Amino acid sequence: MDPTELEELQASIRTIPDYPRRGIQFRDITTLLGNAPMFHRAVDELVRPWTGAKVDRVAGIEARGFILGGAVAHRLAAGFVPIRKKGKLPHETVRVAYSLEYGLDEIEMHRDGVARGERIILVDDLIATGGTAEAAVKLLRSLGAQILAACFVIDLPELGGSRRLQALDVPVRTLVSFQGH
Ligand code: AMP
């Protein structure tokens, strides 16, 4: 994408101040998703480095990672595996806890969601502290998956999530970044 296209992509994301709490600038991708050329462009650009590569599955993080991840999986002719909040998946799961600003949360996936040695791309809409994505990496690796990359449309670099994933040897791809939280 050239710089003008990236600016257009960034401008297609709506910012809601003080949502869901005071001090948070919520980056709302529903405006991007509703814009046909922008959605198409964002998905293509997100996985451009892996177009034509062998990718077994795309792992999407609930819930916006499902929308982008499904489209990415189709683009790469890969399968899709959902990573969900606990208690939502019907079959046998593996689960990992991770810390939030206040307290703990847990995510899980089906134990048979990926097979040992499979090549996986992880997708979510946004990386902030990287806590959620790090938990997803741990889950996938606990099942023997090989994580090729983690892809996010939006980076909040001040929160350090990209660096946190890179420290785990996960290549990170993001398209646009915003200052602050
Ligand atoms: P983190 O685990 O801190 O990297 O947070 C990432 C998750 O929280 C992603 O699933 C995002 O969708 C969501 N999230 C965090 N901060 C924001 C924000 N400012 N705007 C929209 N979503 C956010």
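Atoms within each ligand, like the ligands themselves, are counted from 1 in listed order. Worth saying up front: this structure is predicted, and the values here are computed from it rather than measured.
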Is there at least one pair of N or O atoms, one from [X] and one from ligand 1, spaced under 3.5 Å apart?
X	result
Ala128	yes
Gly130	yes
Gln25	yes

Inset, instruction - Check whether any side-chain N or O of Arg14 sits under 3.5 Å from a backbone N or O of Arg27 as a donor-acceptor pair, and report yes or no. - result: no
Legend entry - Side-chain donor/acceptor of Arg173 to backbone N/O of Glu45, under 3.5 Å: yes
Legend entry - Residues that Asp112 engages under side-chain contact (heavy atoms from CB on, under 4.5 Å), provided they are two or more places apart: His91, His110
Inset, instruction - Please list, chain by chain and in numerical order, all residues satisfying side-chain contact (heavy atoms from CB on, under 4.5 Å) with Arg95, sequence neighbours excluded. - result: Lys86, Glu106, Glu108
So which protein heavy atom does [atom] come closest to, and at what separation?
atom	value
atom 2 (O) of ligand 1	Thr132 OG1, 2.5 Å
atom 10 (O) of ligand 1	Asp124 OD2, 2.7 Å
atom 17 (C) of ligand 1	Leu126 CD2, 3.6 Å
atom 22 (N) of ligand 1	Arg64 NH1, 3.4 Å

Legend entry - Nearest protein heavy atom under 4.0 Å from atom 20 (N) of ligand 1, yes or no: yes
Legend entry - Rounded distance [0.5 Å steps], CD1 in Ile154 versus CD1 in Ile29: 6.5 Å
Inset, instruction - Run through Thr30, Asp124, Asp28, Asp125 and flag the one making a side chain to side chain donor-acceptor pair (under 3.5 Å) with Arg64. - result: Asp125
Inset, instruction - Identify, by atom number and element, the atoms of ligand 1 in contact range of Thr129, meaning under 4.0 Å from any of its heavy atoms. - result: 1 (P), 2 (O), 3 (O), 4 (O)
Legend entry - Contact with ligand 1 for Asp125, non-hydrogen, under 4.0 angstrom: yes
Legend entry - Arg164 bridged to Glu134 by N-O distance under 4.0 Å: yes
